[in-house]
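Labels below follow one simple rule: chain letters A, B, ... track the order of the sequence lines, proteins then strands, and each chain is numbered from 1. Hydrogens, waters and symmetry mates are skipped; everything else that's a heavy atom, side chains included, is used. Computed from a predicted model, the values in this text were never measured in an experiment.
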Protein chains: 2
Amino acid sequence: MGEKVNAPIGVFDSGVGGLTVAREIMRQLPGESLVYFGDTARVPYGSKSKNTVCKYSRQIVNFLLTKDVKAIVIACNTASALAREEIQRQVNIPVIDVVEPGARMAASSTKNLNIGILGTESTVKSGIYEKYLHRINPEITVVSKACPLFVPLVEEGLLEDRVTEDIVGRYLHEMKEYEIDTLVLGCTHYPLIRGVIGREVGKDVKLVNPAYETAKSLKELLREKDLLAAGESETRYDYYVSDGEEKFIAFADSVLPCHVKNTTVIDIEAY
Amino acid sequence: MGEKVNAPIGVFDSGVGGLTVAREIMRQLPGESLVYFGDTARVPYGSKSKNTVCKYSRQIVNFLLTKDVKAIVIACNTASALAREEIQRQVNIPVIDVVEPGARMAASSTKNLNIGILGTESTVKSGIYEKYLHRINPEITVVSKACPLFVPLVEEGLLEDRVTEDIVGRYLHEMKEYEIDTLVLGCTHYPLIRGVIGREVGKDVKLVNPAYETAKSLKELLREKDLLAAGESETRYDYYVSDGEEKFIAFADSVLPCHVKNTTVIDIEAY
């Protein structure tokens, strides 16, 4: 058991976006070691089918298992939406995704029961947020909108820009009619433009960033399963990607509080 | 030999963009059958490394060879830029890419020897257009600009839109100082916003669409090698993708003159 608690937590994403979740885990669980995998060769997942996202996720989980992880965090909303159940069947260690904690936080935050969801095409199409929200409270009205230009805009660095404002305005236009009081930023890139999104919806709408709640759920789960790190060994962060480690490191250094070392490119198709 | 000339031509792209090249081949070579492969599971290639793009291209060529193609057309600028030489070493049938014909057309079109190149990040970084252009004429000045937002904007359907105009204006801003008289649309998606690009650079700048010149080069090459279809058998177009055939068909129907049938999803990682 002692060995197991000091094992790392496996965190994966379609690319770099999941680093915002890793960052939150580092902050809330400073004693835990992490193995992060970003599928930079096959990014993005947001426009891809369930079959393909499940297959890619399976390969990544196989890879993470070779690192003897004690738990798996699906830090990508699309993979959470499409592959969560499949991954839980694949392994017998705890699995946390970002959708379920995000939905829980939104449900507990809303007062008028009108919740908006922003996500990738595949996440929105999956209806997963509706499913979780209605399980908590069938009275909740959910308005979802796919925002395919947000990721490219964030990756181009247009975080505060008139073009981003214009596109945010269009995507949120219809949603305004529904008088939502809570809006889920259902893709790991979206919190990076929360400034523009927040101005568009106004300060009375609560923005939910699932990363925070995911780290909190992870902490509870590890405590419950007696898997919290014993604090005996040094914390270690290892990073693996399927392509282009230089670009990954550049982005990671802009998101994480610590410099990224130990980034290794692996052939994920071989898993 | 008779059998060989009626074999199909293999055409591949990272996704749907290469259909603009396939369309031009259909127009200029109406007697030829085509097998088109779009790597919709791993799209886009434009931000990925040479190693990864070469590996993906190798797998696709292995797949096309199982269809007994008589020639291969690399309909993706990024794959042309990064994997052309590797593919030619891999096979002993003719290989045509889109970069070399595009560069040739630009060199013959320019009068003031100032040529602009728009492309993906990886195409621009490869310096391949400069290499071909300087091989033709070392006096040519080449100005290149990576335009990572063009593909997402086209895929979101914003072909004539103030946001697209704004982004085109920014990407082309520096280029205007160079007084280019020829501009290569060095990614298969870009001709779809040639209206906005053309207005930005003005009517004195000639826009080069490599698709046209590629089909022309292909025709010359097939004639030279005695590989032009004999016209005895019926022309056939088959489409294969690595993910999401419905989305592929929807896009294809908006680009091609004929309705797309026979679209099959295959597991490209197995090749």
(request) Measure from the side-chain N and O atoms of A:Lys247 to the backbone N and O of B:Ser47, and report whether any donor-acceptor pair falls under 3.5 Å. (result) yes
(message) Looking at A:Thr52, is its backbone amide N or carbonyl O close enough to the side chain of B:Asp243 to form a donor-acceptor pair, meaning the two atoms are under 3.5 Å apart?
(response) no
(message) In the structure I gave you, are the side-chain heavy atoms of A:Glu156 and B:Ile167 within less than 4.5 Å of one another anywhere?
(response) no
(message) A side-chain contact here means heavy atoms from C-beta on lying under 4.5 Å apart; do B:Ile268 and A:Glu269 qualify?
(response) no
(message) Between A:Glu155, A:Arg42, A:Lys50, who has the most heavy-atom pairs with chain B when the cutoff is under 4.5 Å?
(response) A:Arg42
Heavy-atom distance under 4.5 Å to chain A: side chain of [X], backbone, both or neither?
X: B:Tyr56; value: side chain
X: B:Glu121; value: side chain
X: B:Glu245; value: neither

(request) Examine whether an atom of A:Gln59 lies under 4.5 Å from a heavy atom of chain B, and if so say whether it belongs to the side chain, the backbone or both; otherwise answer neither. (result) side chain
(message) Taking atom CD as the centre, does B:Glu174 end up with more than 12 heavy-atom neighbours from other residues, nucleotides or ligands that are less than 6.0 angstrom away?
(response) no
(message) Just to be sure I understand the criterion: a residue of residues 146-153 of chain B counts if one of its heavy atoms is under 4.5 Å from a heavy atom of chain A. Which ones qualify?
(response) B:Pro148, B:Leu149, B:Pro152, B:Leu153
(request) Looking only at non-hydrogen atoms, find the nearest pair between B:Lys48 and A:Val43 and report the distance. (result) NZ-O, 3.0 Å
Which donor-acceptor pairs under 3.5 Å do the side chains of residues 62-69 of chain B make with protein atoms, sequence neighbours left out?
residue, atom, partner, partner atom, Å
B:Asn62, OD1, B:Gln90, NE2, 3.0
B:Asn62, ND2, B:Arg58, O, 3.4
B:Thr66, OG1, B:Phe63, O, 2.5
B:Lys67, NZ, B:Tyr240, OH, 3.4

